[in-house]
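Keep in mind that what you see is a predicted model, and the values were worked out from it rather than measured.
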Amino acid sequence: MINNKKVVVIMPAYNAEKTLEKTYNEIYKNFVDEIILVDDFSSDETKEIAKQLNITTIVHEKNIGYGGNQKSCYRAALKAGADIVIMLHPDYQYTPKLVPAMASMLAFDEYDAVIGSRIIGNSALKGGMPLYKYISNRFLTCFQNIVIGEKLSEYHTGFRGFTREILEKLPLEDCSDDFIFDNQMLALIFYYGYKIGEISCPTKYFKEASSINFVRSCKYGLEVLGVSIKYRLAKMGLGIKLFNKTGRVLDLEKELNYYYKG
């Protein structure tokens with residue numbers, strides 16, 4: 001715990017057998033109360049390795065997508081009694097050593113959410129981020145800051161932390177089950193008046209690190225533009241609402257298939 005708040009690390013996993021153990025070993029366990037991995041129907045040995053590491057593991061019976069995987073992660077963390085939830089990809093692209101720092105930013109009520117930024121500190125290109133991804137990151141971030149009216153250094157990092165309140169009150173069920181979920185979630189956080197903090201985070205790009213291909217990246221980029229425009233129109237009171245308009249929060253009664261509970 002940090003400041004008497006339970007810290008849970010969640011890992012949305014897909015074919016992470018080559019990097020999971022290394023990621024897990026670098027988590028400072030004395031700051032973390034529980035680690036939960038959700039395997040999105042991997043075709044490799046991810047769930048077996050998670051079992052060997054004694055990680056609480058949930059296995060999807062079919063692949064439901066990156067956003068859908070996160071929703072399962074957050075449900076599980078809330079059911080486990082988490083006050084603070086840190087999302088750490090098990091592909092070792094982001095350093096687990098920053099988990100305590102990110103959790104502390106939330107535990108002392110300074111922020112409602114926190115992101116690990118690859119841009120602060122100029123570590124993105126040094127860490128091997130492809131140039132086209134870096135350029136698109138900077139363009140999309142600039143566009144979103146202008147349209148949304150905020151000043152984040154980037155909107156596209158996968159290293160994030162949230163308070164329980166964020167996960168319980170935001171209509172995350174209305175968000176996509178695909179990669180755009182990340183961006184929609186940040187838009188919702190700002191839309192509902194919560195604060196997002198940032199911390200500089202070095203990144204590593206290598207063969208085993210997960211990354212979407214060029215075509216999927218283009219689709220994601222167009223969806224980001226759409227999220228930003230919807231946000232601005234909704235804020236202007238023009239009758240446009242973000243996403244599916246239902247306001248559904250995470251359903252904690254939704255069944256979670258536990259493959260192994262450590």
Quick one: list whatever passes salt bridge (charged side-chain N to carboxylate O under 4.0 Å, His left out) with [X], sequence neighbours left out.
X	result
E168	R164
K219	D178, E223
E21	none
D251	none

Inset, instruction - Verify, without hydrogens or angle tests, whether K79 (side chain) and L252 (backbone) share a donor-acceptor contact under 3.5 angstrom. - result: yes
Residues in side-chain hydrogen bond (donor to acceptor under 3.5 Å, both in side chains) with [X], at least two apart?
X	value
Y191	none
Y94	none
E198	S153
R75	E173

Inset, instruction - Could you list the residues that satisfy ring-ring contact (aromatic ring centres under 6.0 Å, His included) with H156, not counting sequence neighbours? - result: Y220
Legend entry - With Y66 via ring-ring contact (aromatic ring centres under 6.0 Å, His included) - residues at least two apart: H89, F179
Legend entry - salt bridge (charged side-chain N to carboxylate O under 4.0 Å, His left out): pairs with one or both residues in residues 227-238, sequence neighbours excluded: none
Legend entry - Donor-acceptor side-chain pairing of D182 and Q70 below 3.5 angstrom: yes
Inset, instruction - Among I146, L140, V147, find the residue that satisfies the side chain to side chain contact (heavy atoms under 4.5 Å, CB included) test when tested with F143. - result: V147
Legend entry - Ionic contact status for R248 with D174, cut-off 4.0 Å: yes
Legend entry - D39 with K51: basic N within carboxylate O range, under 4.0 Å: no
Legend entry - Selection residues 137-146 - residue pairs positive for side chain to side chain donor-acceptor pair (under 3.5 Å), sequence neighbours left out: N137-T141, N137-E154, Q144-N183, Q144-S228, N145-Y155
Inset, instruction - Taking the six-membered ring for Trp and the full ring for Phe, Tyr or His, determine whether the centres of Y74 and F162 are under 6.0 Å apart. - result: yes
